[in-house]
Amino acid sequence: MKTVFVTIAAAAAVLAAPASAGSPAPAGSIVVQHADLNLATVEGQKTLDRRINAAARKVCQFSSAPANGALATAEARRCVSKARASAAQAFALAVEQDQRTG
C-alpha cells in the first residue's frame, strides 16, 4: 500500500514504501493513501496534493471558517505550510516512482 505520512509533530513527511496495512502512523500524523492514484498523470498528482493539504489542515487543526469569531491562527497557518513543505519530498518521490513503473 502506497502512503505518505504528513507528520506535524516533527514537521516532516515520510514516504512509507509499500507499508503493511497494520502499520500505525506516527503520533501527530495522518496517513495519506495514494495507491488508487496514477501519479504519472497531472490529475493523479492534483488529487494527491488535495489529500495532503486536507491532512495537513486536519492535523494542524486549521479552520478557515470563523470559530468563536476568530479566523485560523497564524500558528495554524504556519503549521499547514510546514506540513505541506515537508511532504514535498515524499510527494516528488511518489510521483517519480509511478512515472518509472507506469
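Here, residue 1 is the first one in the sequence, and each next residue gets the next number.
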Engineer: Please find the pair of heavy atoms, one from Ala94 and one from Leu39, that lie closest to each other, and give the distance.
Structural biologist: CB-CD1, 3.7 Å
Engineer: At what distance, to the nearest 0.5 angstrom, does SG of Cys60 lie from CZ of Arg77?
Structural biologist: 12.0 Å
Engineer: So how far is it from Ile52 CD1 to Thr47 OG1, rounded to the nearest 0.5 Å?
Structural biologist: 11.0 Å
Engineer: Quick check: do Arg57 and Asn53 have side-chain heavy atoms less than 4.5 Å from each other?
Structural biologist: yes
Engineer: With side chains defined as the heavy atoms from C-beta onward, is the minimum distance between Leu37 and Glu43 less than 4.5 Å?
Structural biologist: no
Engineer: Checking Ser81 now: which residues fulfil side-chain hydrogen bond (donor to acceptor under 3.5 Å, both in side chains) with it, not counting sequence neighbours?
Structural biologist: none
Engineer: Does Glu75 have any salt bridge (charged side-chain N to carboxylate O under 4.0 Å, His left out) partners at least two apart in sequence or in another chain, and if so, which?
Structural biologist: none
Engineer: Return the minimal non-hydrogen interatomic distance between Ser86 and Ala83, and the atom names on each side.
Structural biologist: OG-O, 2.9 Å
Engineer: For Phe91, which of Gln45, Arg84, Glu96 qualifies under side chain to side chain contact (heavy atoms under 4.5 Å, CB included)?
Structural biologist: Gln45
Engineer: Restricting to non-hydrogen atoms, name the atom on Ala40 and the atom on Asp98 that form the minimum distance, rounded to 0.1 Å.
Structural biologist: N-CB, 4.0 Å
Engineer: Is the shortest side-chain heavy-atom distance between Lys58 and Ile30 below 4.5 Å?
Structural biologist: yes
